[in-house]
Amino acid sequence: MFTRMMRANTTSAKVDKRQVAQAEFQKVIENACVTGFHGSASVTITVQDGHIQYTKVAVERMVR
């Protein structure tokens, strides 16, 4: 029974990290795809053995 609970908690943590990555990507798209934005934006996920470990967001804005 304890093993089942651990497995359920691990599964929900994976879903949360995926949702976080998707939400960050959505924010980047919304903020970068506007008139007046010049530069680059990226969302990088670090994956280990099929599991998201980290989500990194980078925005580089060019000032004209």
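Counting begins at 1 with the first residue of the sequence. Values in this document were obtained by computation on a predicted structure and should not be read as measured data.
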Show me the side-chain donor-acceptor pairs of residues 23-46 shorter than 3.5 Å, one per line, residues at least two apart or across chains.
{"from": "E24", "atom 1": "OE2", "to": "K27", "atom 2": "NZ", "distance (Å)": "3.4"}
{"from": "Q26", "atom 1": "NE2", "to": "E30", "atom 2": "OE2", "distance (Å)": "3.1"}
{"from": "N31", "atom 1": "ND2", "to": "K27", "atom 2": "O", "distance (Å)": "3.0"}

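- When all heavy atoms of Q53 and K17 are compared, the closest pair comes out as O-NZ, 3.8 Å.
- Between the CZ atom in R18 and the CD1 atom in I52 there is a gap of 6.5 Å [rounded to 0.5 Å].
- Between the CD atom of E60 and the CE atom of M62 there is a distance of 8.5 Å, given to the nearest 0.5 Å.
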